[in-house]
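Shown next, in structure tokens, is the structure this report addresses.
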Amino acid sequence: MLDQTRSNFHGMVREDHSAMTFSVKREVFVSPEVFEGELRALFDSCWIYVGHASELRNPGDFKTRNVAGRPIIFVRGRDGEVRALINSCRHRGAIVCREREGNARQFYCMYHGWTYQPDGSVKSVPGEDAYAKPIDKKEMGLMPVPRLEHYRDFYFLNFDRDAVDLKTYLAGATKYIDLVTEQSPSGKMEIISGTQEYDIKANWKLLVENSVDDYHLIATHATWVNYMRNSGVNMTQPKDSGLLLPTKGAGKDLGNGHLTTDNPNYRGRPVARWISLYGEDAKADIDAIRKELVTRLGEKRAARVADTNRNLVVFPNLVINDGSSVTVRNFYPVSATEMRVTAWALGPVEETEAQRARRLHAFLTFYGPGGFATPDDVTALESAQAGYAAWRDVEWNDLSRGMAKNDEQTNTDEGHLRTFWRRWRDLMEKQT
Amino acid sequence: MSQGEVAATRAEVEDLFYLEADLLDNWRLDDWMKLLADDASYYVPPNDKPDGDHRFTLFTIADDIVRLRERIIRLKDPNCHAEYPPSHTRRLITNVRVGASEGDLIPVFANFVIYRYRRAEPPRVFVGHYRHKLKRVGGSLRFFERRAILDAEELGALGSVSFLL
Ligand code: FES
Ligand SMILES: [Fe+2]
């Protein structure tokens, strides 16, 4: 008899503690049913990243974007408050704001001409006297998302009214966001102008894995490693560590499905670790940034901030890579087999022109659709997705690296990837 | 040649564009490098800030000559997975214009359509315009600054810009 209480998504993640294996069914990368299930189990009930406070400097500033499949206006009202409004007219649904970004005195619906204030409330309705009662300006305003909260200027929304608060949800991820924001003397980071938006023909979960998977570095990014070597960066492998790169990195479970790598830095950081690639004239400047950091945070904390690289996944679909530069990367499934990626650069608001230029230069060496690494990641993900066409025949992906270890997982183990999959399994199996 | 005068004819600039297109479409990258000035740079601005400055705007590509040389090393390497095997490309360059000189730099403009084909992938069409700055090196025109500006609102289905625009 069929067990009616069991979710359709049961048994997609298999953990075998005697054989020390961990497998994920390839069906989860191709199935439209799984995709639909994820929209409800994950995207309608988790905290989903919307944007950063720095993107809305002035009252009236707005960005329109797609968040969790909905058209959203991310806007700062004249009262200074940041809101996320559903960008669909309360009259008969048209997209009210059709621009990418700007500063609005009002939002004007081009269909019948309703207008809305930047706080979402109705401003005017043409021919209002045809209604039995006057339109309730607040009640009939652009619908705010059920929940919107921020942690250190990173705004997240939640479509589940009853969800736990953002800080509780973020769990151990807050400490890693702190390490990012502490690079700024005032604790203020900003999204730098210029957006990288590109599609990958692969399931979105593959980018979660890829963003924190240090096992792939040598094979996938051979040309980048080569470039770093050509530029005088020491990329030799220490004999004793058994690792693939000169790091004694760790992969960590941060609770609630969040995870991170935590690696000693060897390839330079704008805040604040000089490498030859930056050029001799940058040395004094980086030293000065380092000095400020030590004065403000103390020797130990400064080293924690400046001498480690961390690729953080905030479950389910936000990645903050704090390495040779800081990138904020967000991605949404368009279907089971395709995702849309948006990536930004993040930097301290205090940065000088030279420091900012150095940060952006470092960003582009590795990251982005024109970088020396990301295009090869895209190829790897699309290649895996192509392989999943045979999901009925070759049923399982293997993520068992490090399973036998009792101690800390290294960054080239798959322990932190398993963190994601366990959370995914728990939420999906609750779905019916 | 003094400020403001046209320092190259359109025919001369078109010859350079067509030669370049031929070299790039045939992946003769070392020969292509010879068309660059020693201090050349190469920019692809982000789709949402086509007029941005790479010093304060996150670009898709902003290479100085050092990184551009490394990019060529990468593109010739079979480990450049995104371009292995190399894409088949075909460039159509039109609407060529020559601007008024700025010192020893000659601004030139053109429209481009680049068709890109890869096995088992949909054809991708990169449409945009060039805003280059040329200069004369030993009498020949060389690229001092190459800037390829895409018309697409976002890269979207174009995916990566892993080959040279
Ligand atoms: S749909 Fe917006 S005014 Fe009618
Ligand atoms: Fe990668």
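Lettering of chains follows the sequences in order, A, B, ..., and the numbering in each one begins at 1.
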Q | Which atoms of A343(A) approach chain B - backbone, side chain, both or neither, heavy atom under 4.5 Å | A | backbone
Q | Choice from S162(B), G52(B), A157(B) maximising heavy atom contacts with chain A below 4.5 Å | A | A157(B)
Q. What residues form a side chain to side chain donor-acceptor pair (under 3.5 Å) with S41(B), not counting sequence neighbours?
A. none
Q.
Looking only at heavy atoms and a cut-off of under 4.5 Å, which of E353(A), H221(A), E101(A), R340(A) has the most pairs with chain B?
A. E353(A)
(Q) Tell me which one of R67(B), R71(B), R74(B) satisfies side-chain contact (heavy atoms from CB on, under 4.5 Å) with Y227(A). (A) R67(B)
Q: Examine whether an atom of I61(B) lies under 4.5 Å from a heavy atom of chain A, and if so say whether it belongs to the side chain, the backbone or both; otherwise answer neither.
A: both
Q | CZ/R131(B): more than 12 non-hydrogen atoms of other groups inside 6.0 Å | A | no
Q | Residue among T220(A), I192(A), V378(A) with most heavy-atom pairs under 4.5 Å to chain B | A | T220(A)
Q. Counting only heavy atoms not in F109(B), do more than 12 fall under 6.0 Å of its CZ?
A. yes
**Q.** Pair E121(B) + K201(A), salt bridge at N-O below 4.0 Å
**A.** no
Q) Non-hydrogen atoms of chain B under 4.5 Å away: do they reach the side chain of I200(A), the backbone, both or neither? A) neither
Q: Calculate, to the nearest 0.5 Å, the distance between atoms CZ and OG1 belonging to R356(A) and T57(B) respectively.
A: 10.0 Å
Q. Does atom CZ of R98(A) have more than 12 heavy-atom neighbours, drawn from other residues, nucleotides or ligands, at distances under 6.0 Å?
A. no
Q) F372(A) versus chain B, heavy atoms under 4.5 Å apart: side chain, backbone, both or neither? A) both
(Q) If I take atom CD from residue E197(A) and atom OG1 from residue T60(B), how far apart are they, to the nearest 0.5 angstrom? (A) 10.5 Å
Q. At a heavy-atom separation under 4.5 Å, does E351(A) approach chain B through its side chain, its backbone, both, or neither?
A. neither
Q: Sort F163(B) into side chain, backbone, both or neither according to what part of it lies under 4.5 angstrom from a heavy atom of chain A.
A: neither
Q.
Please classify the contact of T342(A) with chain B as side chain, backbone, both or neither, using a heavy-atom distance under 4.5 Å.
A. neither
Expected list for residues 134-145 of chain B: side-chain donor-acceptor pairs under 3.5 angstrom, two or more places apart:
residue : atom : partner : partner atom : Å
K135(B) : NZ   : D39(B)  : OD2          : 3.4
R136(B) : NH1  : E12(B)  : OE2          : 3.0
R136(B) : NH1  : G139(B) : O            : 2.8
R136(B) : NH2  : A7(B)   : O            : 3.0
R136(B) : NH2  : E12(B)  : OE1          : 3.0
R136(B) : NH2  : E12(B)  : OE2          : 3.0
R142(B) : NE   : K34(B)  : O            : 3.0
E145(B) : OE2  : R147(B) : NE           : 3.4
E145(B) : OE2  : R147(B) : NH2          : 3.2

Q: Taking the side chain as every heavy atom from C-beta outward, state whether T195(A) and N47(B) have any atom pair closer than 4.5 Å.
A: no
Q: Decide whether T223(A) and D77(B) meet the rule of one side-chain donor and one side-chain acceptor closer than 3.5 Å.
A: no
Q.
Given 3.5 Å as the limit, does a donor-acceptor pair link the side chain of Q196(A) with the main chain of E154(B), or not?
A. no
Q: State, to 0.1 Å, how close L360(A) and H54(B) come at their nearest heavy-atom pair, and which atoms those are.
A: CD1-O, 3.6 Å
Q. What closest approach, in Å, do A345(A) and L58(B) show between heavy atoms, and which atom pair accounts for it?
A. N-CD2, 3.7 Å
Q) Counting only heavy atoms not in F17(B), do more than 12 sit closer than 6.0 Å to its CZ atom? A) yes
Q. How close do D376(A) and C80(B) get, heavy atom to heavy atom, and via which atoms?
A. OD1-C, 3.8 Å
(Q) Does any backbone or side-chain atom of P122(B) lie under 4.5 Å from a heavy atom of chain A? Answer side chain, backbone, both or neither. (A) side chain
Q: Look at the side chain of H81(B) and the backbone N and O of A219(A), then say whether any donor-acceptor pair between them is shorter than 3.5 Å.
A: yes
Q. Which region of S193(A), side chain (C-beta onward) or backbone (N, CA, C, O), has a non-hydrogen atom less than 4.5 Å from a non-hydrogen atom of chain B, or is it both or neither?
A. both
Q | Over all atoms of both residues, closest heavy-atom pair of G194(A) and P46(B) | A | CA-CG, 3.8 Å
